[in-house]
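The figures that follow rest on heavy atoms only: side chains count, while hydrogens, waters and symmetry mates do not.
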Amino acid sequence: MNGKNALRMALQTREQHIKREKATSNICTAQALLATMAGMYATYHGPEGIRAIADRVHGIASFLSGEITKLGYQQENTNFFDTIRIDLPRHVKREDIEWLSLDLEMNFRYFSNGQVGLSIDETTNIEDINWILEVFAKAANKPVPVITAIPENNTIDGPFLRKTAYLKQHVFSKYRSETEMARYIKRLEKKDISLVHSMISLGSCTMKLNAATEMLPLSWIEFNGIHPFVPKNQAMGYHELMEELRRDLAEITGFADISLQPNSGAAGEYAGLLVIREYHKSRGEGHRNVALIPSSAHGTNPASAVMAGMKVVVVPCDERGNIDVNELKVKAEEFKDNLSCFMVTYPSTHGVFESSITEMCSIIHRYGGQVYMDGANMNAQVGLTNPSRIGADVCHLNLHKTFAIPHGGGGPGVGPICVAKHLVEFLPAHSVMNNGHVGIHAVSGAPWGSASVLTITYGYIKMLGADGLTDATKIAILNANYIAARLKDNYGILYTGENGRVGHEMILECRHLKTASGISETDISKRLMDYGFHAPTLSFPVHGTLMVEPTESESKEELDRFVDTMNAIFEEIKEVETGVADKSDNVLMNAPHTAEMLTANEWTHSYSREKAAFPLEWLRENKFWVPVGRVDNAWGDRNLFCTCEPLESYK
């Protein structure tokens with residue numbers, strides 16, 4: 001709006017929520033935290049530092065290749081960067097290599113053809129190099145060499161050497177001291193509204209507290225320093241934790257077994273659907289490929305079904321937001337010969353506990369289908385009911401939502417799947433796992449997914465216990481109904497249950513406000529930033545609405561602060577509606593207001609700077625200054641810019 005350049009997420013990148021059954025991707029949870037760490041690593045080291053690290057890594061690998069060859073071994077990789085593959089002479093046994101390396105607390109890779117592999121990284125030092133050579137020398141009954149320095153050695157052939165520049169942006173050459181780097185990171189941090197500022201009210205996303213006591217074990221080397229492929233006997237504590245967590249999650253959901261492998265909720269959906277598909281195949285019914293999905297289901301469900309090779313059939317909802325049971329019966333009957341599953345979210349993404357949920361599950365089972373329950377809203381189930389009791393066969397859990405692993409930019413996500421007894425044998429397999437059954441193919445490169453962050457959920461469950469988990473659910477539902485009760489007169493609650501209550505989230509109606517004043521749900525969301533709040537979920541699952549989920553983490557004081565803000569915004573809308581405020585030049589349509597805008601020499605708006613910046617008194621004590629003004633969303637969606645190099649540069 002101010003004529004400046006800005007980056008925003010284009011509509012196309014959110015296709016799974018926008019296109020629903022027409023979506024072709026269910027990518028939902030990015031490994032945001034890991035991507036940020038990698039980005040900061042590159043920022044600090046810059047192109048010269050990255051090259052120096054790479055040269056050292058390759059130099060060590062090349063040196064080891066030569067030294068191991070001198071001991072009578074054959075190095076198989078002609079061209080390599082950091083990994084070498086060693087063929088053993090006839091008189092050397094693989095077992096000797098393995099025992100000698102384990103004695104020095106090292107793990108190599110052992111191929112089925114008897115060859116041995118090892119990789120080098122920037123942490124490899126002289127001591128490691130001497131230990132590696134000691135293993136191969138002793139196994140070959142040769143004198144053990146002693147290395148005191150690593151010569152520079154580049155054995156990469158010319159065609160494989162990079163000749164183009166990289167990391168050319170200014171940011172990769174600007175921060176070379178820890179002090180400057182820390183200040184840069186702090187500047188970025190100050191641009192984000194987070195839970196340290198205010199409640200994050202995103203409906204369907206469950207942005208709850210990630211307590212410090214749950215997060216602390218992430219910094220322990222015993223958890224974060226273990227490779228996912230280490231032998232089980234080297235990570236017994238880890239496996240004990242994961243087994244206990246699986247048992248706890250099985251008890252919470254009522255299911256027989258759990259796979260911790262999927263790395264996100266969307267990946268969990270996909271994995272769960274593959275389990276169902278494999279089950280049908282095992283019964284000679286591989287033709288079953290129809291997924292019935294209600295319009296109130298979680299946004300990624302249709303896209304996941306398409307990815308799993310299924311045909312999506314949407315089941316409509318009635319005027320109260322409940323799944324139309326009669327329509328479900330009709331469609332289940334129509335597709336009975338090919339019915340694979342019914343994907344349902346409970347409580348629904350409309351924020352409603354549907355009393356006919358068990359009846360719907362029975363209908364699906366009657367026609368040979370399986371019930372997939374999306375666990376996105378487990379925050380309203382834990383301790384009160386569970387998917388198994390309701391009648392589901394499969395459920396994924398968002399540990400990054402209900403079970404306290406950081407969501408959004410704090411990732412990575414974890415989306416384990418829970419299954420009934422008849423589906424256990426089809427849970428995801430992995431080449432390094434031995435779970436006693438042959439399941440679907442691995443859905444993650446790591447056998448137990450993002451294992452290190454499982455410590456957060458483990459701590460969350462153990463510290464709360466059964467009573468605490470149940471109380472958390474009750475408070476989440478109570479908080480949502482408190483907000484709904486205080487906002488229903490001004491905004492209106494789109495859907496409620498039979499008793500007039502919502503679940504753990506609600507949809508605020510905004511369409512009547514736009515009709516009367518011209519102020520849209522987008523304007524409300526932008527204005528919320530001036531009050532120091534992140535916007536609720538915008539126009540999903542119903543266009544022209546706002547979806548709010550307070551979670552159990554928020555106190556009554558914070559809920560009141562949010563309600564007071566929403567009601568203050570409602571009064572601002574009424575000012576536009578009644579003509580007190582200008583129809584086009586008002587605090588809502590110009591929001592958010594940056595410090596640069598508010599301190600400019602010229603102020604041409606029809607309202608005061610004070611009204612823009614400090615609409616409520618408490619903002620004077622704790623003001624979040626928005627770094628970026630309003631972006632023209634529609635223009636951005638229609639005018640995409642590719643940030644990659646033009647095709648000509650790859651010739």
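To the nearest 0.5 Å, the span separating CD1 on Ile126 from CD1 on Ile150 amounts to 4.0 Å. With rounding to the nearest 0.5 Å, the separation of CG in Asp257 from CD in Glu425 is 12.0 Å. With rounding to the nearest 0.5 angstrom, the CD1 atom of Ile258 is 14.0 Å from the CE atom of Met242. Between Leu427 atom CG and Cys418 atom SG the span is 9.0 Å, to the nearest 0.5 Å. With rounding to the nearest 0.5 Å, the separation of CD1 in Ile461 from CZ in Phe403 is 5.5 Å. With rounding to the nearest 0.5 Å, the separation of OG1 in Thr36 from CG in Leu188 is 9.5 Å.
With hydrogens and angles disregarded, no donor-acceptor distance shorter than 3.5 Å links the side chain of Glu122 to the backbone of Thr124. Here the side chain of Asp103 pairs no donor or acceptor atom with the backbone of Trp99 at under 3.5 angstrom. Remark: side-chain polar atoms of Tyr270 are not paired, donor with acceptor, to backbone N or O of Pro262 under 3.5 angstrom. Looking at Lys208, its side chain never comes within 3.5 Å of a backbone N or O of His400 through a donor-acceptor pair. Judged by distance alone, with hydrogens and angles left aside, the side-chain atoms of Ser65 form no donor-acceptor pair with the main-chain N or O of Ala61 at under 3.5 Å. A donor-acceptor pair under 3.5 Å is formed between the side chain of His58 and the backbone N or O of Thr155. A donor-acceptor pair under 3.5 Å links the side-chain atoms of Asn113 to the main chain of Gln115, judged by distance alone. With hydrogens and angles disregarded, a donor-acceptor distance shorter than 3.5 Å links the side chain of Asn125 to the backbone of Glu127. Under a 3.5 Å cut-off, the side chain of Ser62 and the backbone N or O of Gly59 do not form any donor-acceptor pair. Using a distance-only test at 3.5 Å, with no hydrogens or angles considered, no donor-acceptor pair links the side chain of Thr594 to the main chain of Val626.
In this model, no donor atom of one side chain and acceptor atom of the other lie less than 3.5 Å apart for Ser194 and Asp192. For the 3.5 Å distance criterion, the side chains of Arg85 and Thr83 fail to qualify, holding no donor opposite an acceptor. Tyr110 and Glu98 are not linked by any side-chain donor-acceptor pair at a separation below 3.5 angstrom, with hydrogens and angles left out of the test. Side chains of Asn379 and Thr206: a donor-acceptor N/O pair is absent below 3.5 angstrom, by distance only. For the residue pair Gln75/Thr69, the side-chain donor-acceptor check at 3.5 Å is not satisfied.
Taking each heavy atom of Ser450 and Val414 in turn, the nearest pair found is CB-CG2, 4.1 Å. Of all heavy-atom pairs spanning Phe81 and Ala54, the tightest one is CE1-O, 3.5 Å. Ala271 and Ile440 make their closest contact through O-CD1, 3.7 Å (heavy atoms, listed as atom of the first residue, atom of the second, distance). Across every non-hydrogen atom of Gly272 and Val394, the tightest pair is CA-CG1, 3.9 Å. Contact detail for Asn153 and Phe63: the closest heavy-atom pair is ND2-N, 4.1 Å. The shortest non-hydrogen separation linking Glu214 to Ala404 is OE1-CB, 3.4 Å.
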Report the C-alpha separation of Leu118 and Leu64 in whole Å, then their side-chain angles, then the decisive distance to 0.1 Å, and conclude whether the side chain to side chain contact (heavy atoms under 4.5 Å, CB included) test is met. CA-CA 10 Å; Leu118 60 92; Leu64 277 174; 4.2 Å; yes
Would Lys462 and Glu244 count as a salt bridge (charged side-chain N to carboxylate O under 4.0 Å, His left out) here? Give the steps. CA-CA 10 Å; Lys462 294 304 181 186; Glu244 213 169 308; 2.9 Å; yes
Test log, rule side-chain hydrogen bond (donor to acceptor under 3.5 Å, both in side chains), inputs Asp82 and Ser119: CA-CA 6 Å; Asp82 62 350; Ser119 292; 4.9 Å; no
Trace of the ring-ring contact (aromatic ring centres under 6.0 Å, His included) decision for His45 with Phe172: CA-CA 8 Å; His45 289 291; Phe172 296 113; over 10 Å; no
Could you go through the side chain to side chain contact (heavy atoms under 4.5 Å, CB included) check for Tyr372 and His396 one step at a time? CA-CA 8 Å; Tyr372 181 98; His396 88 266; 2.8 Å; yes
Side chain to side chain contact (heavy atoms under 4.5 Å, CB included) evaluation trace for Ile417 with Cys395: CA-CA 6 Å; Ile417 53 172; Cys395 173; over 6 Å; no
One pair to check against side chain to side chain contact (heavy atoms under 4.5 Å, CB included): Tyr279 and Val419. What are the steps and the verdict? CA-CA 12 Å; Tyr279 167 74; Val419 298; over 6 Å; no
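Within the 4.5 Å cutoff, the side chain of His534 has heavy atoms near those of the Leu202 side chain. Residues Glu76 and Ile86 are not in side-chain contact: their nearest non-hydrogen atoms beyond the backbone lie 4.5 Å or more apart. Annotation: side chain of Leu399 is not in contact with side chain of Val453 (no heavy-atom distance under 4.5 Å). With contacts defined as side-chain heavy-atom distances shorter than 4.5 Å, the pair Leu245/Glu243 does not qualify. Inter-residue side-chain proximity for Pro428 and His441 is flagged as unmet; no heavy-atom pair is nearer than 4.5 Å. Contact of the Asn107 side chain with the His227 side chain is not registered, since no non-hydrogen atoms from C-beta on lie closer than 4.5 Å. A 4.5 Å side-chain heavy-atom check between Phe426 and Leu274 finds every atom pair outside the cut-off. Between Glu180 and Lys174 the shortest side-chain heavy-atom distance does not fall below 4.5 Å.
In this structure, Trp448 has its ring center no closer than 6.0 Å to that of His430.
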Side-chain donor-acceptor pairs of residues 135-143 under 3.5 Å, sequence neighbours excluded:
from   : atom 1 : to     : atom 2 : distance (Å)
Lys138 : NZ     : Glu134 : OE2    : 2.8
Lys142 : NZ     : Leu71  : O      : 3.2

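Using a 4.0 Å cut-off between a side-chain N of Lys or Arg and a carboxylate O of Asp or Glu, Lys186 and Glu189 qualify as a salt bridge. Comment: Arg56 does not engage Glu152 in a salt bridge, judged by the lack of any side-chain N to carboxylate O separation of less than 4.0 angstrom.
With Tyr44 as the aromatic partner, Arg176 does not meet the cation-pi criteria of under 6.0 angstrom to the ring centre and within 45 degrees of the ring axis.
By the 6.0 Å contact criterion, CD on Gln234 is enclosed, its count of non-hydrogen atoms from other residues, nucleotides or ligands being greater than 12. With a 6.0 Å radius and a threshold of 12 heavy atoms from other residues, nucleotides or ligands, Met37 has its CE atom at or below the threshold.
Partners of His91 by ring-ring contact (aromatic ring centres under 6.0 Å, His included), not counting sequence neighbours: none found.
Between Phe223 and Trp220, the two ring planes are parallel [angle under 30°; tilted spans 30° to 60°].
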